[in-house]
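All remarks here apply to the structure that follows.
In what follows, chains carry the letters A, B, and so on, assigned in the order in which the sequence lines appear, proteins first and then strands, with residues in each chain numbered from 1. Both backbone and side-chain heavy atoms feed into the values below; hydrogens, waters and symmetry mates do not.
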4 protein chains.
Amino acid sequence: MVFARNGLERGKIADIANEAGIGKGTVYEYFSSKEDIFIALVEGFFTEMFHDMDALLAMGETPVEKITSLIEYSFKFLEEYLDSEEGESWPIIMEIFSQAIRADASTEMHQAIIRGVRAGVAVFEPILQDGVKASILKPFDIDYFALVVFAALDGLALHYYLQRERFDIKELMITTREIFLNGMLTATGRKELQS
Amino acid sequence: MVFARNGLERGKIADIANEAGIGKGTVYEYFSSKEDIFIALVEGFFTEMFHDMDALLAMGETPVEKITSLIEYSFKFLEEYLDSEEGESWPIIMEIFSQAIRADASTEMHQAIIRGVRAGVAVFEPILQDGVKASILKPFDIDYFALVVFAALDGLALHYYLQRERFDIKELMITTREIFLNGMLTATGRKELQS
Amino acid sequence: MVFARNGLERGKIADIANEAGIGKGTVYEYFSSKEDIFIALVEGFFTEMFHDMDALLAMGETPVEKITSLIEYSFKFLEEYLDSEEGESWPIIMEIFSQAIRADASTEMHQAIIRGVRAGVAVFEPILQDGVKASILKPFDIDYFALVVFAALDGLALHYYLQRERFDIKELMITTREIFLNGMLTATGRKELQS
Amino acid sequence: MVFARNGLERGKIADIANEAGIGKGTVYEYFSSKEDIFIALVEGFFTEMFHDMDALLAMGETPVEKITSLIEYSFKFLEEYLDSEEGESWPIIMEIFSQAIRADASTEMHQAIIRGVRAGVAVFEPILQDGVKASILKPFDIDYFALVVFAALDGLALHYYLQRERFDIKELMITTREIFLNGMLTATGRKELQS
DNA sequence: TATGAATGAGGCTTCATTCAT
DNA sequence: CATGAATGAAGCCTCATTCAT
């Protein structure tokens, strides 16, 4: 994957065409610009991600099981990408965030990414809501809770990628699951908001 | 900050010079290439970050206080950047990670970034070690523990930045602190490594 | 011819493109760098030169006739270039030597030039060999002999070019032919090597 | 010598200053521009050359002795340059010719070089004149004769330099001397001007 | 529909020259 | 006198995009 390997700016249309086995000009039959290709990529990425997540969640029963599933899925997702021939395409997620940050908030690109990120966070919300209802979780603000989990998993993916020679993904997953699950289950609510 | 606003590739030397109030050629009196400027930036960024962290840690007493301090510092760091005139320069951290991922591992740039990241993780390690000694924390692998916390904070910074209109940083900090602190204190060790 | 007029360093790609009636970028469809263009030029120059020489030599009979032909050809070559619209492109030969001297011996450019020069000298060698066999020439070292003649003709071309207002090319050719031919035919061999 | 090593265009003022052990700005106390430095160099080069030649000629007696001396001197000059630490500065002669060819005839640079070249040819003329008077040489046009000899020696210097690994300078000198001296002494005059 | 040759805007970098000290 | 930091003009090269085939 050209953009993953080189970033949006350094990824050349010529390489993309080549990798796709088509001519350079043909690319413009399907996309109107380089940025357009990237946006399609972003959407494809998030679509695939949520599709997998949904399938996964359908299998869990209790909120705790579901949360556990999501954390485990995050690592499996990462692991599979890195193992497969598509491995090189993994860093696309960082490229997406990088572009989101750089791009003007008004651009189509920024919009597409924000849309994806929100959808990601949204996956967690109903699960957490169930947890609160079942009194498993304290009545924290659901959306903050979801953001923390989703964001933390992203950060972990990044740092694991950068230091994958030094860390074992399985053990990292266990540590993460421990901290997060325990953290969520014992967090005592927002009584300290005054600080 | 030119690179923060546009990324390494789109950040023009001309703009950097302009922002510094010097001529385009003058830039090359101090740096030998565009990449060289970026590396200096990376090093400056990490240096500043750790300088602040060290000062902060000196003030805490117990491991719990210190961990709390670090979590709070992460948000303060972020908040201050975003509030100040330097606000626009905050996204540099994402740009750094983005480049780390793209750059060949052999490049000076990659090296510099990895060095910074490791130093960041290393800040947490002695604190966690103390926690284990004091039997406050279970005997998890210290380095995995540290990575999780450091990485999670990075992910949070990113996502908060992207959705800063929708979230309140103070409340986000509280939620984060709750989850992490509780999670760390109640995590029950690696008994599940078999899974 | 841009390089002939200005030299390699001052010859701008933009001018080359312009002269060729194509866009600046199009140049890079055919050559990968400025130096690459120059190398192609060098090779074209020598190729053309030797092609003409070969045709010429086929027409002579005796060694003396052939040597005479070569000397005359050198001047004709020069004369034609200077008269034609290509006239301005003649100095390319000096540019070639100039670059040969400057360029590091390991460069492709240097190699290409040395190859050409040796080929030039080599044209003379079989002719001189025949002359020696026929006892017309004394048994001087053929390669030294060839170098002297080839080199001298190059020097003459240069100096004639610089002072072409003051000298008549026809008469210069006659003087040259006289001196060289007589010199070669009467040179008495290397008995003086002791000096 | 910076210009010899790199050519006029690639020779940097900074290097010249450095080699001279002075500051970059100081160069402009003595010369008004880069071209100005080069012109001074040209003049110094020719001055030195003719100074040596004059000394040499004073020692010869007969025209033949003098011509022999000049030919031998040319090689000695070359040899000494190449052997000495100044060796690297030899190619300056080719750089001079190269610039002469490129420069517009109206420039000061061109003028200076042409002046030098003419002076070089002029050294030969009185000697040849003596030879004609003494009936040793046929009544060829003196200036053409002189040009041929001077130019040929230049060409030899160039080619020897380029292939100095393959040729022995002493033997090259002998071959040259043989051909030229015999050629000059036996050339039968311009009766063939009709061709 | 598919192509890839042609294009030129744009950016990094070099370096002769200036000038305040 | 000597200096070298500062400068910006200038040039090589890249590459997204176009368009004739």
Side-chain angles (χ1 to χ4, degrees), chain A residues 2-3 6-18 20-39 109, chain B residues 2-3 6-18 20-38, chain C residues 2-3 6-18 20-38, chain D residues 2-3 6-18 20-39 109:
Chain A
V2 176
F3 286 147
N6 310 301
L8 174 58
E9 291 82 6
R10 292 190 183 162
K12 293 182 246 176
I13 294 281
D15 291 343
I16 293 171
N18 204 258
I22 59 174
K24 201 152 37 103
T26 313
V27 171
Y28 285 85
E29 294 290 322
Y30 302 104
F31 302 97
S32 65
S33 72
K34 194 179 171 182
E35 187 175 316
D36 200 40
I37 300 172
F38 189 73
I39 291 171
M109 189 200 291
Chain B
V2 175
F3 285 148
N6 310 300
L8 175 57
E9 290 83 5
R10 292 191 182 160
K12 293 180 249 175
I13 293 283
D15 290 343
I16 293 172
N18 207 259
I22 59 176
K24 202 152 39 91
T26 312
V27 171
Y28 287 85
E29 293 286 320
Y30 304 101
F31 301 96
S32 63
S33 71
K34 198 180 168 182
E35 186 174 318
D36 199 41
I37 300 173
F38 189 72
Chain C
V2 175
F3 285 149
N6 310 301
L8 175 57
E9 290 83 6
R10 292 192 183 160
K12 294 180 248 173
I13 294 283
D15 291 343
I16 292 173
N18 207 259
I22 59 176
K24 201 154 40 95
T26 312
V27 171
Y28 287 87
E29 293 285 322
Y30 303 102
F31 301 97
S32 64
S33 72
K34 198 180 168 183
E35 186 174 318
D36 199 41
I37 301 173
F38 189 73
Chain D
V2 176
F3 286 147
N6 310 301
L8 175 58
E9 290 82 6
R10 292 189 183 162
K12 293 182 246 176
I13 293 282
D15 291 343
I16 293 171
N18 204 259
I22 60 176
K24 201 151 40 98
T26 313
V27 170
Y28 286 84
E29 295 290 323
Y30 302 104
F31 301 97
S32 64
S33 73
K34 194 179 172 182
E35 189 176 314
D36 200 39
I37 301 173
F38 189 73
I39 292 171
M109 190 200 291

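- Base pairing analysis places F/dT14 opposite E/dA9; the two distances defining the Watson-Crick or G-U wobble pair are each below 3.5 Å.
- Closest approach of D/Asn6 and D/Gly11 over heavy atoms only: CB-N, 3.8 Å.
- Protein atom CZ of C/Phe31 is 15 Å distant from nucleotide atom P of F/dT14, rounded to whole Å.
- Atom CZ of D/Arg10 is separated from atom P of E/dT14 by 14 Å (rounded to the nearest Å).
- With values rounded to the nearest 0.5 angstrom, C/Lys12 atom NZ is found 11.5 Å from C/Lys24 atom NZ.
- Atom P of nucleotide F/dC12 and atom OH of C/Tyr28 are separated by 6 Å, given to the nearest angstrom.
- Screening B/Ile13, B/Leu8, B/Asp15 for a side-chain contact (heavy atoms from CB on, under 4.5 Å) involving B/Val2 leaves a single residue, B/Asp15.
- Nucleotides of DNA chain F nearest to B/Ile22 and C/Gly25 differ in position, and the one nearer the 5' end is that of B/Ile22.
- Residue D/Glu35 contributes atom CD, which lies 13 Å from atom P of E/dA16 at whole-angstrom precision.
- Atom CG of B/Asp15 and atom P of E/dG11 are 8 Å apart (whole Å).
- Residue B/Gly23 is classed as a sugar-phosphate contact, given heavy-atom separations below 4.0 Å to backbone atoms only.
- Taking the nucleotide of DNA chain E with the nearest heavy atom to each of B/Lys12 and A/Val27, the more 5' of the two is matched to A/Val27.
- The partner of E/dT17, taking Watson-Crick or G-U wobble pairs whose two distances both stay under 3.5 Å, is F/dA6.
- Checking B/Gly11 against D/Ser32, the closest nucleotide of DNA chain E that is more toward the 5' end is the one next to B/Gly11.
- To the nearest angstrom, P of F/dA16 lies 14 Å from CG of A/Asp36.
- Whole-Å rounding puts the A/Glu9 CD to E/dA9 P distance at 22 Å.
- If C/Ile13 and A/Ala14 are placed on DNA chain F by their nearest nucleotide, the residue sitting closer to the 5' end is C/Ile13.
- In terms of polar N and O atoms assigned as donor or acceptor, the side chain of D/Lys24 comes within less than 3.5 Å of the base of E/dT17 in a complementary pairing.
- Residues A/Lys34 and A/Glu9 share a closest heavy-atom pair of NZ-O, 3.1 Å.
- When the P atom of F/dC19 is taken as reference, atom CD of A/Glu29 falls 13 Å away, rounded to whole Å.
- The nearest pair of heavy atoms linking D/Asp36 to D/Phe31 is OD2-CA, 3.6 Å.
- Within 4.0 Å (heavy atoms only), D/Tyr30 reaches sugar-phosphate atoms of the nucleic acid but no base atom.
- One finds a side-chain N or O of D/Thr26 lying less than 4.0 angstrom from the OP1 or OP2 phosphate oxygen of F/dT3.
- Between D/Lys34 and E/dA16, a side-chain N or O to OP1/OP2 separation shorter than 4.0 Å is present.
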